[in-house]
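Note that ligands are numbered from 1 as they come in the structure, with each ligand's atoms numbered from 1 the same way. Side-chain atoms are counted along with the backbone in the values below, which use heavy atoms only and exclude waters and symmetry mates. This is a predicted model, so every value here is computed, not measured.
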Amino acid sequence: MVPGVRLVLLGKQGAGKGTQCVRLSRHYVVPHISTGDMLRSATRSGTDFGKQVDEYMRLGELVPDDVMVKVVEHRLDQHDTKGRGFILDGFPRTVGQAEVLENLLLPRGLDLVLDLRVPTEAVLERLASRRVCSLCGTIYGIDSPTRRGALCDNCGGELHQRADDTEESIRRRLELYASATEPLTSWYAERNKLAVVDGMGPPEQVASRAIRAIDNRRHDRPPVI
Ligand code: AMP
């Protein structure tokens, strides 16, 4: 078995990328790099950088590519990702970002890009019910309800709604997904990197589909050091 893996997860807001990335990062023992989580943590700590990106995030707009590229470049340069690989969640979101990523990852490149497909009606329902633990970040919703009311099953932290899960911001983010991010599916398909995964159903079933797609791809290939 080839150790480590280099993956990107694509999918609309509410498709379950965050939930699946947690499962996949445990399965393959690689870091889960969520650009949204990195930006939210910067805004919570009130750094200059956090203040700079806060407005974009609240309105559901994309943070400019040059800013995002620096964030990801720095993260991919750390020891853990260089050694074992990574799962990228929320990056790339534009063809410009994908082009930069391709250059950053030369010569090995990505192993696979998963496109988690969920119909828009289903993501709207999921986003309306989405709650996130304020301590450990575990995500709850209609497909994965908490057993402890308003508290996290894992750590007892309080659950809250994301600041950008408002009707207006959700609409804008889905619009931007369709215009700026969806074109990436054909971009990666042309490069023979894309696997489409049905994102409907219980999270463990979706994870099994994703693992099957990744392992099929990994067994196709000789180990790359
Ligand atoms: P997410 O948690 O992935 O839904 O991201 C939350 C917000 O962070 C997005 O609505 C954007 O404002 C910003 N963001 C995260 N990743 C990116 C990216 N790759 N490019 C531009 N903006 C991003």
Go through the structure and list residues passing side-chain hydrogen bond (donor to acceptor under 3.5 Å, both in side chains) with Arg6, not counting sequence neighbours.
none
Do Asn154 and Thr138 pair up side chain to side chain, a donor and an acceptor below 3.5 Å, judged on atom types alone?
yes
Backbone of [Y] reached by a side-chain donor or acceptor of [X] within 3.5 Å:
{"X": "Thr181", "Y": "Thr94", "value": "no"}
{"X": "Lys193", "Y": "Leu110", "value": "yes"}
{"X": "Arg131", "Y": "Thr146", "value": "no"}
{"X": "Glu61", "Y": "Met57", "value": "no"}

So is Gln13 close enough to ligand 1, meaning a heavy atom under 4.0 angstrom away?
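Under 4.0 Å: no for Gln13.
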Tell me whether Lys17 reaches ligand 1 (any heavy atom closer than 4.0 angstrom to a ligand atom).
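Outside the 4.0 Å threshold, so no.
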Determine the sole option in Val196, Asp198, Leu10, Val197 for which the side chain to side chain contact (heavy atoms under 4.5 Å, CB included) test with Arg117 is passed.
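Testing each of Val196, Asp198, Leu10, Val197 against Arg117, the sole residue satisfying side chain to side chain contact (heavy atoms under 4.5 Å, CB included) is Val196.
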Under 3.5 Å between some N or O of ligand 1 and some N or O of [X]?
{"X": "Asp164", "value": "no"}
{"X": "Glu61", "value": "yes"}
{"X": "Gly60", "value": "no"}
{"X": "Gly90", "value": "yes"}
{"X": "Gln97", "value": "yes"}

Using heavy atoms and a threshold below 4.0 Å, how should the contact between Arg162 and ligand 1 be classified: side chain, backbone, both, or neither?
side chain
Under a 4.0 Å heavy-atom limit, does Met68 contact ligand 1 with its side chain, its backbone, both, or neither?
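The answer is the side chain of Met68.
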In the protein, which heavy atom is nearest to [atom], and how far is it?
{"atom": "atom 7 (C) of ligand 1", "value": "Met57 CE, 3.9 Å"}
{"atom": "atom 15 (C) of ligand 1", "value": "Arg93 NH1, 3.4 Å"}
{"atom": "atom 22 (N) of ligand 1", "value": "Val63 N, 3.0 Å"}
{"atom": "atom 16 (N) of ligand 1", "value": "Thr35 OG1, 2.8 Å"}
{"atom": "atom 13 (C) of ligand 1", "value": "Leu39 CD1, 3.5 Å"}

Show your reasoning for whether salt bridge (Lys or Arg N to Asp or Glu O under 4.0 Å) applies to Glu175 and Arg172.
CA-CA 5 Å; Glu175 255 172 36; Arg172 180 63 184 145; 2.8 Å; yes
List the steps and the verdict of side-chain contact (heavy atoms from CB on, under 4.5 Å) for Leu76 and Ile33.
CA-CA 9 Å; Leu76 290 180; Ile33 303 179; 3.9 Å; yes
Can you list the other members of the hydrophobic cluster that holds Leu151, where links are side-chain heavy atoms under 4.5 angstrom apart?
none
Counting each atom of ligand 1 from 1 as listed, which ones have a heavy atom of Arg40 under 4.0 Å away?
2 (O), 6 (C)
